[in-house]
Amino acid sequence: MEGDALTESWPARGSRWMNRFHARLSTLAKPATAFNSQPDPLSIGSFARGRQLIGGNFLFAGFLVEAPDTVIWDLPMPSSGFEEALHGFVWLDDLAAVGDGAARKRAQDWTTLWIETHGRGRGPGWTPDLTARRIIRWINHAIFLLNGQDTEASEAYFRSLGQQTIFLSRRWKSAAPGLPRFEALTGLIYAGLSLTGMQRHVTTAAKALARECREQIDEAGGIPTRNPEELLEVFTLLNWAAAALSGAGQVTPKDHVQAIERIAPTLRALRHADGSLARFHGGGRGAEGRLDQALAASGVRASAGADLAMGYARLSEGRTTVIFDASAPPKPAVSHNAHASTLAFELTSGRRPVIVSCGSGASFGAEWRRAGRATQSHSVLAIDGCSSSRLGETRRLGNTTRELLADSPKEVVVERTGGSKGQSINGWLDGYARTHGLIHARQLDLSFDGRSLSGEDTLGAFSAPHRKAFDRAMDGVKLAGVPFSVRFHLHPDVDAALDMGGSAVSLALKSGEIWVFRHDGHADLRLDPSFYLEAGRLKPRESLQIVLSSRVLNYAAQINWTLAKAQDTPQGVRDLVQDEGPLPD
């Protein structure tokens with residue numbers, strides 16, 4: 001199993017031992033006996049996932065275990081991520097979404113068995129972030145869990161909640177900075193406000209959370225990992241903590257409030273026209289409805305600004321949005337999920353994603369994780385066999401495994417302009433400068449009506465040192481030219497066909513829209529297989545990618561391309577207006 005104790009580092013093993021020590025020590029503390037107050041449940045579950053759980057289909061962390069009539073704690077554990085998902089109790093949201101007698105019985109039985117089996121510090125669930133996640137769900141769904149229970153079960157529930165709160169008060173500092181610590185402190189605030197005898201922890205936790213807001217959320221409302229979905233999770237937790245404090249008549253610290261105010265417009269800038277988040281640096285589209293709910297709960301009406309949002313640029317005209325990665329990847333010390341995606345973009349038309357990134361393959365195993373991080377898994381130019389950023393590991397694409405050759409970009413320069421004709425963005429990076437002497441420059445122009453996106457991708461050696469490096473690279477390929485490809489990954493719902501003659505690609509969306517991709521003829525055009533990586537699925541979804549391939553033979557090479565809307569069918573228009581509703585703010 002991943003994360004096995006035999007492969008753990010000594011610091012990780014020591015932290016795990018301390019967690020278990022304090023978990024067992026907390027069982028000696030005086031337990032809570034009742035609720036002082038209870039926040040309204042804010043987490044949203046899935047009715048469909050709840051029905052799957054009742055039917056014995058357990059889908060977590062990319063693994064499906066089919067075990068009807070099996071207690072959740074008796075399941076085989078295919079990975080550490082699967083086991084952690086069980087101990088985090090987010091599945092309580094799904095059972096509560098079903099809400100019938102069968103769902104309530106499973107929720108109550110599985111919670112009672114967790115207390116009996118793991119409540120004294122045993123098992124992997126005793127980390128600060130998992131404990132907080134569990135506490136929040138237990139409190140959110142207290143009525144669901146306690147309805148019809150006898151005195152003994154109720155007392156065990158409150159006793160365990162109190163013990164977990166004591167553990168959290170002692171171990172939240174051991175949570176990693178960022179999302180794990182935000183979650184740990186939010187859970188401590190939740191429990192401190194809700195449970196009798198635990199109020200003494202609230203002030204400390206609220207001050208610590210405010211400090212994390214000040215240190216981890218920058219002036220532009222971004223976080224160091226540059227993961228949009230992770231930013232949404234942080235934002236959601238801050239909203240929950242602020243609502244709990246306000247509901248208990250306490251003042252939310254200034255730094256906490258200001259962090260919410262900074263994050264809201266940043267998330268709006270990272271939101272596509274269909275309401276989903278851009279999928280960069282390990283993040284997904286976000287749980288359905290989570291972003292809109294979080295923005296509404298924040299009460300912040302500020303719209304997206306014109307500046308970069310957490311290192312991304314947003315172009316929006318008509319019903320089309322383009323989100324462009326305009327910064328270098330986070331450094332490995334900051335994030336283990338950084339992707340080599342600089343200058344990549346995603347495009348959504350109305351409520352239909354068109355051009356995408358492949359996404360994070362973390363839930364499908366190490367090989368898929370590495371593949372998803374490579375430049376070739378993003379809609380951007382890449383020199384063949386090389387990513388635009390060194391991510392500190394090998395990658396596997398197709399049947400080959402190669403070392404990432406490029407350096408992390410030392411410089412990324414981006415400029416954006418706007419006017420009556422539309423919006424433009426220009427960017428360049430030097431990730432290929434050391435290995436090939438080449439700078440990648442990209443310009444995107446979105447028309448004023450959102451019906452056309454034009455692009456220009458250039459690879460050039462613009463200085464004497466770069467030309468020397470390029471000459472060396474040419475010698476290495478016997479003057480055959482440096483091969484490169486510009487890729488445009490398509491969402492699985494897009495039907496693509498290469499037109500007769502191979503000069504264009506037609507893209508049909510389920511809304512009825514037709515888009516056409518063309519280029520200037522300075523490259524070979526083809527449609528290749530691709531994949532769409534999405535958490536919560538058993539395997540990657542098959543898709544397609546448009547690929548323009550060429551070679552740099554001199555000190556510069558350029559490819560121009562366009563993606564233009566060719567048709568709105570009457571049925572497509574009716575679908576957009578009637579079935580899909582208005583676009584989000």
Side-chain angles (χ1 to χ4, degrees), residues 1-33 60-61 71-77 79-92 107-142 145 152-176 180-181 183-192 194-198 200-201 204-205 208:
M1 186 187 301
E2 296 179 15
D4 190 278
L6 294 176
T7 62
E8 280 185 316
S9 64
W10 280 108
R13 193 177 302 182
S15 178
R16 183 168 57 86
W17 185 88
M18 288 297 294
N19 284 338
R20 289 183 176 179
F21 170 77
H22 281 285
R24 291 166 184 170
L25 189 64
S26 69
T27 64
L28 303 177
K30 182 179 179 181
T33 56
F60 299 104
V71 174
I72 199 169
W73 311 115
D74 293 339
L75 295 174
M77 300 297 169
S79 74
S80 60
F82 186 99
E83 193 167 19
E84 288 171 1
L86 300 189
H87 286 268
F89 272 72
V90 176
W91 46 264
L92 262 183
Q108 292 175 345
D109 289 349
W110 293 348
T111 301
T112 298
L113 282 171
W114 186 93
I115 295 171
E116 294 174 356
T117 307
H118 302 287
R120 293 188 175 274
R122 292 184 293 272
W126 289 93
T127 63
D129 51 330
L130 279 179
T131 300
R133 200 174 307 164
R134 185 168 56 245
I135 284 175
I136 290 171
R137 267 65 191 189
W138 284 22
I139 294 173
N140 271 351
H141 303 300
L145 289 173
E152 182 179 355
S154 297
E155 288 177 350
Y157 164 85
F158 281 110
R159 181 168 58 251
S160 183
L161 268 179
Q163 291 164 353
Q164 292 178 67
T165 304
I166 296 296
F167 165 81
L168 203 52
S169 72
R170 293 169 175 168
R171 292 297 291 164
W172 67 262
K173 291 181 181 178
S174 68
R181 191 170 293 178
E183 192 163 28
L185 288 168
T186 299
L188 187 54
I189 290 171
Y190 239 67
S194 301
L195 299 170
T196 58
M198 298 296 162
R200 64 187 182 278
H201 302 299
T204 299

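If you're wondering where the values come from, they're calculated on a predicted model, not measured in any experiment. Computed over heavy atoms, backbone and side chain alike; hydrogens, waters and symmetry mates excluded.
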Problem - Side-chain H-bond candidate by donor/acceptor type, Gln108 with Thr112, under 3.5 Å - result: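 Side chains of Gln108 and Thr112: no pair found under 3.5 Å.
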
Gap separating the [atom1] atom of [X] from the [atom2] atom of [Y], nearest 0.5 angstrom:
X	Y	atom1	atom2	answer
Leu130	Ile135	CG	CD1	11.0 Å
Trp110	Ile72	CH2	CD1	4.5 Å
Leu168	Thr127	CG	OG1	9.5 Å
Ile136	Leu188	CD1	CG	10.5 Å
Leu161	Arg134	CG	CZ	9.5 Å
Arg120	Ile115	CZ	CD1	11.5 Å

Least distance between heavy atoms, [X] atom then [Y] atom:
X	Y	answer
Ile189	Ala205	CG1-CB, 3.6 Å
Leu195	Gly162	CD1-N, 4.3 Å
Ala175	Ala184	CB-CB, 4.3 Å
Ala61	Gly81	CB-C, 3.6 Å
Tyr157	Ala142	OH-CB, 3.3 Å
Ile139	Ser194	CG2-OG, 3.8 Å

Exercise for the section: Report yes or no: does Arg181 contribute a side-chain atom to a donor-acceptor pair with the main-chain N or O of Lys173 at less than 3.5 Å? Expected result: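 Yes, because the side chain of Arg181 sits within donor-acceptor range (under 3.5 Å) of the backbone of Lys173.
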
Problem - Any donor-acceptor pair under 3.5 Å from Ser160 side chain to Ala156 backbone - result: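 No.
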
Measure the shortest side-chain to side-chain distance between [X] and [Y] over non-hydrogen atoms and say whether it is less than 4.5 angstrom.
X	Y	result
Phe89	Arg133	no
His87	Trp73	yes
Asp109	Val71	no
Leu113	His118	no
Leu92	Leu145	yes
Leu86	Trp114	no
Ile166	His201	yes
Phe60	Glu83	no

Problem - Quiz item: cation-pi between Arg137 and Trp91, 6.0 Å / 45° - result: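 No, Arg137 and Trp91 do not form such a contact.
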
Handout entry: Any residue meeting side chain to side chain contact (heavy atoms under 4.5 Å, CB included) with Ala153, in chain and number order, not counting sequence neighbours
Key =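 Here the qualifying residues are Gln149, Asp150.
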
